[in-house]
*Asks:* 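Can you keep this structure in mind? I'll have questions shortly.
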Amino acid sequence: MAAGNQTRIAEFILMSFSSLPTEIQTLLFLAFLTIYLVTLLGNSLIILVTLADPMLQSPMYFFLRNLSFLEIGFNLVIVPKMLGTLIAQDTSISFLGCATQMYFFFFFGVAECFLLATMAYDRYVAICSPLHYPVIMNQRTRARLAAASWFPGFSVATVQTTWLFSFPFCATNKVNHFFCDSPPVLRLVCADTARFEVYAIVGTILVVMIPCLLILCSYTLIAASILKIPSAKGKHKAFSTCSSHLVVVSLFYVSLSLTYFRPKSKNSPESKKLLSLSYTVVTPLLNPIIYSLRNNEVKNALSRTFHKALALRKFIL
């Protein structure tokens, strides 16, 4: 790196919640640890149950498994290091570790945006073309749709992370966040970042808006189809098949939009930390709960799995 106010940074310091009293940080650690464990357990149960139960082999549950896997990955990337900064005051993260965390944060986040759009398309086919649903959403099609959802995550994460970490950094290495997100790391760069910022803004808008528009189109067509159903019972049944997905989409996009599309004057580092918690910690926790509580098939499958496990335990004992 050039001399002067530029230096070769070996590690970054995550400021996290260091401004809070130690007692508050301890309480946050206990709360986030509980949420983390419940999130891992809930999403793991969704994956295991939808794999094991023969009644949950439809395309909808195939995509739900993918979503749960993404949520587990998202949590593993962000939360363990955050817990370390809270309880052990281990706020340092290596240059490579920071780049790796940012890469997988972008990868899982972008992949989830497109997977939610894919799940909306799946609901559109199921409701608007129920007779052709098994043919249209066959195993090859659902595998291709899942791969198409994951691919943008690789490309966006590779370009943005590689480009950002190729910049020279100033002497300060303090990242005012609880993980290596792009905006706080970008503030440490000692170079002209105008082109990168334009790319980041345009990329973020496209990554958020394209899936969002696809979801809106799918649900507009779904709503039109539901309105044509003559009976109230039929309308309720059709709507119930996509209500869980609607709730998950709303939670994800509202929290994401509040974090990245608020005016800078209203987006202080502390407020951004709180908003970031909504989609990095809270949403991954709520997804399996929403799909379990609002979906009778999942609830019945969980009950069957529990009783089988209980019966097996009694047999072994």
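Index from 1, following the sequence.
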*Asks:* With no hydrogens and no angle check, is any side-chain donor or acceptor of Asp53 less than 3.5 Å from a backbone partner on Thr50?
*Replies:* no

*Asks:* Pair Glu23, Leu28 - check side chain to side chain contact (heavy atoms under 4.5 Å, CB included), show working.
*Replies:* CA-CA 9 Å; Glu23 296 79 7; Leu28 287 176; over 6 Å; no

*Asks:* May I ask you to test the Val207-Pro152 pair for a side-chain heavy-atom distance under 4.5 Å?
*Replies:*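 Result no, sub-4.5 Å side-chain heavy-atom pair not found.
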
*Asks:* Side chains of Ser182 and Phe106: closer than 4.5 Å at any heavy-atom pair?
*Replies:* yes

*Asks:* Would a line drawn from the ring center of Phe107 to the ring center of Trp150 be shorter than 6.0 Å?
*Replies:*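 That pair passes the under 6.0 Å test.
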
*Asks:* Can you tell me if Tyr133 and Asp122 form a side-chain donor-acceptor pair at under 3.5 Å?
*Replies:* yes

*Asks:* Does CZ belonging to Phe151 count more than 12 external heavy atoms closer than 6.0 Å?
*Replies:*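 No, the 6.0 Å shell around CZ holds no more than 12 heavy atoms from other groups.
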
*Asks:* For residues Phe17 and His177, establish whether the separation of their ring centroids is below 6.0 Å.
*Replies:* no

*Asks:* Looking only at side chains, do Ser149 and Thr118 share a donor and an acceptor under 3.5 Å apart?
*Replies:*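 Present: a donor and an acceptor within the cut-off.
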
*Asks:* Could you check, using the six-membered ring where one of them is a Trp, whether Phe165 and Phe95 have ring centers closer than 6.0 angstrom?
*Replies:* yes

*Asks:* For the residue pair Ile229 and Lys235, what are the closest heavy atoms and their distance?
*Replies:*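 Reported closest heavy-atom pair: O-CE, 2.8 Å.
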
*Asks:* Quick check, are the ring centers of Phe74 and Phe104 under 6.0 angstrom apart?
*Replies:* no

*Asks:* Do you know the tightest heavy-atom contact between Phe179 and Leu14?
*Replies:*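 The pair with the smallest heavy-atom distance is C-CD2, 4.0 Å.
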
*Asks:* Working to the nearest 0.5 Å, report the span between SG of Cys113 and CE of Met209.
*Replies:*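 These two atoms lie 11.5 Å from each other.
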
